[in-house]
Participant: 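Structure incoming, see below.
Residue numbers begin at 1 in each chain, while the letters A, B, ... track the order of the sequences. In what follows, every heavy atom counts, from backbone to side chain, and hydrogens, waters and symmetry copies are set aside.
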Amino acid sequence: MKERIKLFKKLIYIIIPVIVLVILFEVKARNIENGFELKKSLFEENIDNIEVLILGSSHAYINLNPEIINEKSFDIANNSQDLYYDYMLFDKYKDKLKNLKCIILSISCFSLWYDLNETPEKWRKFFFKKYFDINPRNNLSLSEITDAKSYSYAFFYRLENVFLRSLSTKTFSFGCDMNSYGWNTDTDNCAIDSTEFSIEKGKERVNFINSLVNKYNYLINKRFIDELKKYANNNNIN
Amino acid sequence: MQFNTIIFYLSLAVFIFIYFVLRNKQRKLLLLFGNLLFYLSFGVQGLVVLISILFIIYIFGIVIEKSSNNKYSLVSGIIFVLIFLVLFKYYNFFISVFYNSDNLLPVSKLSSPIGLSFYTFSSLSYLIEIYRKRIKAEKSIFSLAQFITFFPLIISGPIEKSYNLLPQFSENKEFDYERIKSGLIIITLGIFKKIVIADRLADLVNKVFNNPVEYRGIALLVGVILFSIQIYCDFSGYTDIAIGIAKILGFKISDNFNQPYYSKSIKEFWSRWHITLSIWLRDYIFLPLAYTLTRRLKNKPFIGIKAESWSYFIGIWVTMLFCGLWHGANWTFLVWGGLHAFFLSFAFATIKYRRRITKSVGIEKSTLDKYTKIFLTFIFISFAWIFFRANNLNDAGYIVMNLFSNFNTVSVMRIFSSSTNLYIVILLIIILEMIHFIQRKEGLLVFLNKRPLWQRWGIYYSFVFMILIFGKFDSATFIYTKF
């Protein structure tokens with residue numbers, strides 16, 4: 001029995017500093033600025049004046065700059081954002097968008113068959129929940145429930161990045177390269193860097209896009225578009 | 001449930017706690033239950049195959065022992081066991097090679113059960129050892145099931161010989177603080193190798209090998225060397241974890257690695273790399289084949305070449321091609337095996353001349369001679385790894401043709417993405433080499449036990465924090481679990 005208690009004590013000596021370290025990292029990680037938080041604050045700051053709202057995935061986030069639209073516009077699109085989150089974001093804020101005259105919903109070749117939950121980018125659900133209080137489309141899977149990244153910022157950013165940030169004087173932010181209209185200003189954030197274009201990369205990209213397509217998502221995604229159209233028609237929004 | 005997932009370690013902690021609370025008899029039941037549950041976590045299909053093989057070797061073990069013409073019983077047993085391996089792993093390959101057809105049996109469309117090659121080899125070893133009268137057939141299917149399904153080894157070995165492991169299941173396992181402590185240290189080292197070094201290198205290596213045409217010259221060279229380190233850390237890391245877990249449970253498992261990249265020849269490499277597979281191949285393929293050939297040739301020269309040379313050449317080529325094929329049904333593995341066969345044959349044929357050269361230059365048995373040999377062996381092994389890792393022969397061909405075509409270091413930085421990443425990789429490799437140095441000098445456990453308390457705990461904390469901070473917890477699978 002003595003030996004068992006000795007082992008138990010030693011394990012505690014190891015585990016306690018680990019827990020303390022993780023807590024310290026978690027505190028540090030929660031102070032890292034991220035794009036979801038920034039977009040939310042910019043959006044809510046301007047919500048009363050927004051006349052044109054841009055929704056969609058990275059294709060809209062990267063390519064539709066509200067700055068060049070004459071009316072006061074905002075780009076709430078985001079990387080990998082699917083039609084469910086487009087609709088839920090709109091639904092959450094529709095009553096506050098008092099001056100809204102036009103909705104631009106970007107539909108990409110995969111949009112109607114695409115569900116964020118089925119992609120490697122599904123970790124984004126954590127941020128939609130955290131910052132916009134939007135629940136995921138489906139319940140979390142067992143692997144997501146047991147994945148520390150679903151709860152912890154430190155694990156999400158990776159402890160290594162948080163650690164290196166602590167050592168460095170450089171600022172580390174996550175997806176914060178956007179102008180005050182919510183448009184992406186990070187030129188590296190492109191699906192294919194045109195300077196490195198090759199047939200292999202093109203094929204790789206096509207395969208990736210194809211992997212996003214699931215025919216069973218069509219009906220439910222179409223319903224989100226119909227709901228948006230219905231609301232727009234009833235409220236004289238283009 | 002892989003060895004590099006948090007859920008595995010949480011389950012393992014609960015399992016070990018219950019294991020040592022129970023009495024010996026109940027412990028054995030718990031172990032069998034744990035083994036089956038662990039394997040079930042990879043799918044029901046695999047468990048069905050595993051249990052089928054278990055019944056086959058149980059029955060054939062008894063038949064081989066009792067039958068008067070036990071050679072036929074052995075061959076039948078081997079065929080029955082190999083059917084699963086052929087159906088799940090090689091059927092598609094052979095059909096595509098010989099018939100250029102995609103006509104697949106329904107079973108071969110299923111994915112191969114995890115660890116199939118490993119427990120098939122353990123099963124074959126069990127049958128052969130009964131035939132050779134080195135062990136007796138196990139009368140209790142319960143004990144045999146413990147051996148075949150033992151969870152630390154079932155996924156990627158070591159391929160333990162039945163006469164080493166089987167008797168250990170009937171021994172009483174007591175709680176021993178020192179044994180459990182050393183088991184935990186070995187597991188920590190394994191996790192460090194796997195999730196800190198191998199998985200970090202995997203990201204870099206995958207960039208090169210998944211898209212080799214994007215790289216040339218020194219970048220390809222760096223990719224190849226990094227893969228040599230990755231596969232070592234990945235597989236030896238797995239083995240350390242397996243040995244550590246078995247040690248905690250009270251089992252002594254054979255070593256599978258002995259710093260293979262410090263080998264002075266390819267032959268020595270195979271006595272330090274995947275040792276249990278090498279021994280398996282030596283005992284059950286190479287030696288029987290070589291002896292048979294020598295006997296057939298009646299020890300007389302054939303076409304001016306000694307009988308023992310013929311035996312070695314044929315034996316080594318068959319063994320290494322088989323070894324390549326064991327890793328997977330792919331031409332890349334066959335070429336890898338063929339290259340090793342060529343290196344070994346070449347070394348065998350030229351040994352006298354090479355000795356003469358080193359003697360005439362005056363460096364025989366000198367430090368320079370030793371390190372030159374280590375360096376050249378590493379180069380040859382890394383060269384062969386190109387074929388092992390490449391997605392196909394075309395990619396491997398491209399890498400080989402372009403290894404020395406461009407020495408622009410800018411492309412190397414594309415592999416590492418940032419200078420910080422490069423420095424971290426260099427630092428980790430230095431730490432790995434320090435561990436190797438300590439292991440060579442006095443052994444890690446002895447070294448740690450000799451340190452004063454503050455140093456020992458400093459080392460423990462450093463490794464735990466390094467795993468926590470620099471580890472990749474994204475559940476990348478172990479390379480050898482595919483085999």
Participant: Give, for atom CZ of Phe470(B) and atom CG of Leu159(A), the distance between the pair rounded to the nearest 0.5 Å.
Facilitator: 10.0 Å
Participant: In plain terms, say whether Arg200(B) and Glu160(A) are close enough for a salt bridge, that is, a side-chain N and a carboxylate O under 4.0 Å apart.
Facilitator: yes
Participant: I'd like to check Glu3(A) versus Glu178(B) (side-chain heavy atoms, cut-off strictly below 4.5 Å). Are they in contact?
Facilitator: no
Participant: Are more than 12 heavy atoms, taken from residues, nucleotides or ligands other than Lys129(A), located less than 6.0 Å from that residue's NZ atom?
Facilitator: yes
Participant: Chain B heavy atoms under 4.5 Å from Lys10(A): which part of the residue, side chain, backbone, both or neither?
Facilitator: both
Participant: OH of Tyr423(B): more than 12 outside heavy atoms within 6.0 angstrom?
Facilitator: no
Participant: Which bit of Leu468(B) is near chain A, if near means a heavy-atom gap under 4.5 Å: side chain, backbone, both or neither?
Facilitator: both
Participant: Does atom NZ of Lys252(B) have more than 12 heavy-atom neighbours from other groups under 6.0 Å away?
Facilitator: no
Participant: Leu10(B) versus chain A, heavy atoms under 4.5 Å apart: side chain, backbone, both or neither?
Facilitator: neither
Participant: Could you walk me through whether Tyr460(B) and Tyr13(A) pass side chain to side chain contact (heavy atoms under 4.5 Å, CB included), step by step?
Facilitator: CA-CA 10 Å; Tyr460(B) 294 158; Tyr13(A) 294 157; over 6 Å; no
Participant: Are the side chain of Arg4(A) and the backbone N or O of Phe175(B) linked by a donor-acceptor pair below 3.5 Å?
Facilitator: no
Participant: Does Phe8(A), at its CZ atom, have more than 12 non-hydrogen atoms belonging to other residues, nucleotides or ligands within less than 6.0 Å?
Facilitator: no
Participant: Kindly give the heavy-atom pair with the smallest separation between Phe465(B) and Leu21(A), and that separation in Å.
Facilitator: CD2-CD2, 3.6 Å
Participant: Under a 4.5 Å heavy-atom cut-off, does chain B meet the side chain of Leu7(A), its backbone, both or neither?
Facilitator: both
Participant: With a 4.5 angstrom heavy-atom cut-off, is it the side chain or the backbone of Phe25(A) that approaches chain B, or both, or neither?
Facilitator: side chain
Participant: Look at atom CE of Met413(B) and say whether more than 12 heavy atoms of other residues, nucleotides or ligands are closer to it than 6.0 Å.
Facilitator: yes
